K.L.:
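Structure below; questions to follow.
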Amino acid sequence: MRDIIERFGLARVINAAGWMTALGSSRTDPVAARLASEIQSHFVRIDELQAVASQAISEATGAEAGVVVGCSASGISCSVSACMTGLDLGIVEQLPATDNIKNEVAMMRGHRVSFGANVDQVIQLTGAKIVEFGGATQAERYQLEHAIGDKTAAAFFMVSHHTVQDGQIPMEGFIASCHERKVPVIVDMASEYDLTGPIAKGADLVIYSAHKFLSGLTGGIVAGRKDLVQAVHLQSRGIGRTMKAGKESIVSAVGALKSWKRRSSDAVPDEERRRLSFWADNLRGLDGVEVDIFQDWTGNALERLILRIDPKIAKLHAWNLVDELQRGETVVYTREDHLEHEIVLLDPCNVSDQEAKIVAGMITEVLTRAKAKSVPRESWAERKDRSQRGAADWPDKHLERISRRSAKT
Ligand SMILES: *Cc1c(COP(=O)(O)O)cnc(C)c1O
């Protein structure tokens with residue numbers, strides 16, 4: 001019996017990269033999947049279903065209310081819009097024209113990053129204008145307070161490994177300065193496990209991904225102050241219409257939150273620990289590779305395996321290893337957070353025990369080949385340029401591969 005990957009001629013992907021939208025995010029939680037499938041054959045009042053979701057989001061986050069949107073990026077856009085429009089439908093319909101309303105969003109320079117798309121654009125497509133403050137690696141509360149003025153609609157704060165990790169204003173102080181000036185704070189925590197922290201600290205709107213660690217269908221969750229969540233929901237009559245969540249996403253987010261409550265813990269899960277030790281035991285001792293365990297940047301209960309490559313001994317760079325792992329019929333994706341510093345990170349949260357063995361075997365195989373000088377070496381500069389050139393290859397290159405695979409089976 002050929003599975004769906006074979007029937008469509010797709011590459012078999014082992015995901016040692018984490019919660020990646022571009023790799024299909026997560027294995028859908030069984031409860032979330034069952035609810036999504038069950039609701040397909042029913043009609044519902046979407047507003048009623050969103051009210052059910054609001055209750056589930058409140059329970060999970062401690063917020064007054066919540067709503068499900070198309071994805072985390074749309075959660076950001078709709079939250080920024082909500083802070084500009086309030087409950088005024090006329091203004092909801094007027095966006096992205098913002099000349100006659102408060103339209104500025106204060107934001108630290110170190111938080112203006114890309115998560116696969118630039119957060120700047122996700123904010124600006126609403127018609128909002130970003131007022132940046134601080135330097136890339138240092139921001140202070142007086143700078144935030146100086147950036148706030150008569151036109152400030154909101155301030156935006158991101159918690160993510162994507163942001164600059166040094167010298168930023170901590171969330172508590174950021175919120176205090178904004179609230180003294182009656183400015184609502186939007187926190188994007190799309191990939192963070194802490195569902196209650198930012199609300200407890202006073203954040204006005206908080207965005208989580210429904211499809212990353214929560215393992216629901218594609219969706220975004222916005223939790224927060226009731227009037228602002230109502231305004232987020234109202235965006236479905238405005239720019240939010242182009243990013244809407246359907247009944248299946250809304251109901252699966254409810255299921256995903258319930259399952260997460262059972263699943264989540266402050267400690268790294270045992271099965272993830274087991275895979276990390278398996279990798280450490282198997283990859284330690286390879287020539288030119290140092291093995292270590294790395295605690296997640298932003299404090300999630302998550303550890304990853306670090307492979308530090310010494311290119312003089314290993315005869316390849318970290319990025320050469322990563323590229324080799326993506327060349328075969330079974331491909332392994334790793335985290336590239338520190339790749340240019342000769343570091344490969346293996347994330348255990350979406351890898352089965354069976355797949356962990358394949359990953360260790362493939363890494364050992366590439367490193368053995370490299371010692372015999374049969375792995376192509378490319379400089380970081382060349383690799384970085386090449387990674388931007390593939391954009392126009394879709395779909396021809398992919399269809400070619402698919403038809404090659406289908407011919408084989
Ligand atoms: C993944 C991510 C996003 C985008 O999430 P989508 O749900 O794929 O739109 C936004 N912000 C942060 C911090 C993320 O990690």
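All ligand and atom numbering here is 1-based and tracks the order in the structure. Small disclaimer: the values here were computed from a predicted structure and weren't measured. In what follows, residues are counted from 1 in the order of the sequence shown.
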K.L.:
Suppose I only count heavy atoms of Ser191 and a 4.0 Å limit; which atoms of ligand 1 are within that range?
P.N.:
15 (O)
K.L.:
Count the heavy atoms belonging to other residues, nucleotides or ligands that lie under 6.0 Å from CD of Glu38, then report whether that count exceeds 12.
P.N.:
no
K.L.:
Please test Gln94 against Asn100 for side-chain hydrogen bond (donor to acceptor under 3.5 Å, both in side chains), starting from the C-alpha separation and ending with a verdict.
P.N.:
CA-CA 10 Å; Gln94 143 195 328; Asn100 57 340; 2.8 Å; yes
K.L.:
Between His146 and Phe133, is the ring centroid distance below 6.0 Å?
P.N.:
no
K.L.:
Are Trp297 and His338 an aromatic pair by the rule of ring centers under 6.0 Å?
P.N.:
yes
K.L.:
Considering the heavy atoms of Lys212, write down every atom of ligand 1 situated less than 4.0 Å from one of them.
P.N.:
1 (C), 2 (C), 3 (C), 5 (O), 14 (C), 15 (O)
K.L.:
Could an N or O of ligand 1 be found under 3.5 Å from any N or O of Thr21, whether backbone or side chain?
P.N.:
yes
K.L.:
How far is atom 13 (C) of ligand 1 from its nearest protein heavy atom, and which residue and atom is that?
P.N.:
Asp188 OD2, 3.3 Å
K.L.:
Salt bridge check, Arg308 against Glu342: does any charged N sit closer than 4.0 Å to a carboxylate O?
P.N.:
no
K.L.:
Taking only non-hydrogen atoms of His211, do any sit less than 4.0 angstrom from ligand 1?
P.N.:
yes
K.L.:
Just distances here: any N/O of Ser160 and N/O of ligand 1 closer than 3.5 Å?
P.N.:
no
K.L.:
Answer yes or no on whether Lys247 is positioned over the face of Phe43, meaning its NZ or CZ is under 6.0 Å from the six-membered ring centre and within 45° of the axis.
P.N.:
yes
K.L.:
Would you mind telling me if ligand 1 is within reach of the side chain of Met189, the backbone, both or neither, using heavy atoms under 4.0 Å?
P.N.:
neither
K.L.:
If we only count N/O pairs under 3.5 Å, is Ala73 in contact with ligand 1?
P.N.:
yes
